[in-house]
Novice: 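Mind looking over this structure? Questions follow.
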Amino acid sequence: MECVVQGIIETQHVEALEILLQGLCGVQRERLRIHEICLKSGPNLGPVASEVRLLCDLEQAEPSWTVRHIGGAMRGAGAEQISVLVRTMVESKASKNVLRMFYLLGYKLDHELLRVGFSFHFNRGAQITVTVSSINKMLKVHATDEAVPVTPGIQLVEVTAPASAETYAEVASAVSSFCEYLAPLLHLSKPGISTGVVPTAAAAAASLMSDGGGTTL
Amino acid sequence: MTVKWILHWTPTPGSVVNSQILSEISQCVESFVNAVKDGRWKATLTFYRPNLRDQSIPSEFPRDFLGISLLEQPNKYYFIIRGNKIILEADSTILTIMEKLQSYKSKVALNFEGVQYKMGDFQMKVVKVVPNQGESLRGILIEIEYLPISSIEKAKPIMEEFLEVWREVMSKKSLPGHFTQTEPHFADYKLPDNYTSQHTAIQYAAALAQLIQSAQLRG
């Protein structure tokens with residue numbers, strides 16, 4: 001299970017966001033370059049069509065692979081009252097021939113993208129990960145060297161935290177509280193609910209850059 | 001990880017695998033000068049079949065897709081498609097993912113239940129193959145492990161020498177059958193010379209395939 005919120009920010013304000021996150025998290029950022037391959041089951045396979053994501057971490061010297069299954073979101077009155085999305089999510093590290101294995105099992109490429117940016121991992125009431133990345137599409141199948149931004153000038157911000165059936169309320173609350181600190185720069189909401197960029201972003205970014213400028217070497 | 005060889009018992013035509021033969025084989029191992037019993041071991045092999053919406057449409061999906069769990073790797077799971085010579089090592093959470101996908105279902109599961117013996121630089125396991133739900137003996141395997149070396153090539157002459165000694169011990173019992181090593185073709189799976197649990201998984205899958213083939217031939 002995981003709690004998730006998303007938002008967008010203009011690329012020109014990403015540096016300010018990084019300064020803010022650095023101050024809030026107290027940890028170093030990690031570079032991110034993830035090739036995300038979304039596979040769908042072929043016709044006649046399974047009672048219903050199924051989807052699985054393969055994530056290849058290209059930032060490592062030796063690329064590492066993770067299989068991820070994202071399930072349905074929590075529904076009902078309880079879910080509506082929570083400002084973060086709570087959904088099932090299962091991950092498994094896998095050896096490098098995982099893509100070939102799934103193709104042989106009858107899965108087909110649905111779409112793929114390349115996320116380039118950075119992330120912060122820290123604990124603040126929950127184990128939180130903030131990812132800031134540009135989303136890029138490949139011009140040729142699996143050609144990560146030839147990727148172009150889907151939305152030039154705009155980057156995606158995701159805040160996620162693992163949870164369980166027993167802890168999701170507490171984790172959701174921790175994520176929500178953290179997101180309030182980012183409010184001057186961007187608005188974070190459940191995936192699928194778009195709120196656009198925040199009008200105060202430019203002013204907030206300028207403020208952060210002038211404050212942060214004093215410490216930049 | 002140190003090198004292992006897995007051999008399967010091939011009964012002579014007209015004879016069967018039974019607990020008496022298993023007991024005799026165990027006695028052969030125990031008769032080694034410094035053999036000491038060292039606990040039990042288990043692995044499980046599961047055959048998977050595609051979960052087809054319409055059974056009448058010819059399936060283009062692999063029919064030799066199987067998964068293996070090994071006691072020495074409790075957080076890992078191994079998937080093999082033998083016909084394509086591919087092995088995948090994954091965290092055991094991959095099973096939860098496969099259950100959620102529902103594209104493949106487990107059909108038959110077999111347990112490899114072994115007794116381990118330490119004997120100096122070598123270790124041996126006497127392994128019985130039994131159905132997951134049941135007790136009937138479907139086959140016998142032995143696993144020979146040479147502890148000092150992890151290179152498959154470097155261990156080969158030493159393992160062959162040990163095997164000669166083992167065959168000599170076995171010959172004194174005049175049992176109706178012999179142990180055969182199935183060539184695992186590690187290079188076809190693009191595995192390195194350094195031995196790993198992936199090599200073990202491939203050997204057990206290959207040994208079982210041979211056991212099934214021999215059983216089918218015996219009718």
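Quick note on labels: first sequence line is chain A, next is B, and so on, each numbered from 1.
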Novice: Counting only heavy atoms not in A:Y181 (residues, nucleotides, ligands), do more than 12 fall under 6.0 Å from its OH?
Specialist: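 12 or below, so no.
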
Novice: Who among B:E89, B:Q102, B:K105 has the most heavy-atom pairs with chain A under 4.5 Å?
Specialist: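 It is B:E89.
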
Novice: Above 12 or not: heavy atoms from other molecules or residues under 6.0 Å from CZ of B:R40?
Specialist: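 Check fails, neighbour count at 12 or below.
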
Novice: Give a yes or no on whether the backbone of A:G46 and the side-chain of B:S103 come within a donor-acceptor separation of less than 3.5 Å.
Specialist: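 Side chain of B:S103 to backbone of A:G46: no pair is present.
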
Novice: With a 4.5 Å heavy-atom cut-off, do A:P47 and B:N51 have their side chains touching?
Specialist: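 Yes. Closest side-chain heavy atoms under 4.5 Å.
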
Novice: Considering non-hydrogen atoms only, spot the tightest contact between A:P43 and B:F61 and give its length.
Specialist: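 In this case the closest contact between A:P43 and B:F61 is O-CZ, 3.9 Å.
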
Novice: Let me confirm one number: the NZ-CE distance from B:K100 to A:M89, rounded to the nearest 0.5 Å.
Specialist: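 Separation between the atoms: 11.5 Å.
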
Novice: With a 4.5 angstrom heavy-atom cut-off, could you sort out which part of B:Y77 is near chain A: side chain, backbone, both or neither?
Specialist: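 For B:Y77, there is no contact with chain A at all, as no heavy atom is under 4.5 Å.
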
Novice: Might you confirm whether atom CD of B:E135 has over 12 heavy atoms from other residues, nucleotides or ligands at distances under 6.0 Å?
Specialist: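 12 or below, so no.
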
Novice: Within this structure, what is the OG-CG distance for the pair B:S56 and A:N44, rounded to the nearest 0.5 Å?
Specialist: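 Rounded to the nearest 0.5 Å, the OG-CG separation comes to 8.0 Å.
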
Novice: Between A:G42, A:A94, A:G71, A:A49, who has the most heavy-atom pairs with chain B when the cutoff is under 4.5 Å?
Specialist: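 The candidate making the most pairs under 4.5 Å is A:A94.
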
Novice: Can you tell me how far NZ of A:K93 sits from CG of B:N75, rounded to the nearest 0.5 angstrom?
Specialist: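 Taking CG in B:N75 and NZ in A:K93, the distance rounds to 13.5 Å.
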
Novice: What's the shortest heavy-atom distance between B:T93 and A:S92, and which atoms?
Specialist: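 Residues B:T93 and A:S92, closest heavy atoms: OG1-CB, 3.3 Å.
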
Novice: Distance check, rounded to the nearest 0.5 Å: B:N84 atom CG versus A:L104 atom CG?
Specialist: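 One gets 4.5 Å once the value is rounded to the nearest 0.5 Å.
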
Novice: Has A:Y168 got more than 12 heavy atoms of other residues, nucleotides or ligands less than 6.0 Å from its OH?
Specialist: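 Atom OH in A:Y168 is not packed in, count stays at 12 or less.
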
Novice: Determine whether more than 12 heavy atoms belonging to other residues, nucleotides or ligands lie under 6.0 Å from atom CD of A:Q60.
Specialist: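 Yes, the 6.0 Å shell around CD holds more than 12 heavy atoms from other groups.
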
Novice: Mind listing the closest non-hydrogen atom pair of A:L105 and B:Y104 along with its distance?
Specialist: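 Minimum heavy-atom contact is O-OH, 2.6 Å.
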
Novice: Nearest 0.5 angstrom please: A:E91 CD to B:I94 CD1, how far?
Specialist: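 Atom-to-atom, A:E91:CD and B:I94:CD1 are 11.0 Å apart.
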
Novice: For A:K40, is the NZ atom crowded, meaning more than 12 foreign heavy atoms sit under 6.0 Å from it?
Specialist: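 Atom NZ in A:K40 is not crowded, with 12 or fewer foreign heavy atoms closer than 6.0 Å.
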
Novice: Rounded to the nearest 0.5 Å, how far apart are CG of A:L45 and CD of B:E60?
Specialist: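 That separation rounds to 8.5 Å.
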
Novice: Should we count CD of B:E183 as having more than 12 external heavy atoms under 6.0 Å?
Specialist: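 Yes, enclosed.
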
Novice: Is there side-chain contact between A:W65 and B:L88, with heavy atoms separated by less than 4.5 Å?
Specialist: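 A side-chain contact is absent here, since even the closest heavy-atom pair is not under 4.5 Å.
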
Novice: Please report the shortest heavy-atom distance between B:I87 and A:M101, naming the atom on each side.
Specialist: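 Nearest pair, atom of B:I87 first, then A:M101: C-CE, 4.3 Å.
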
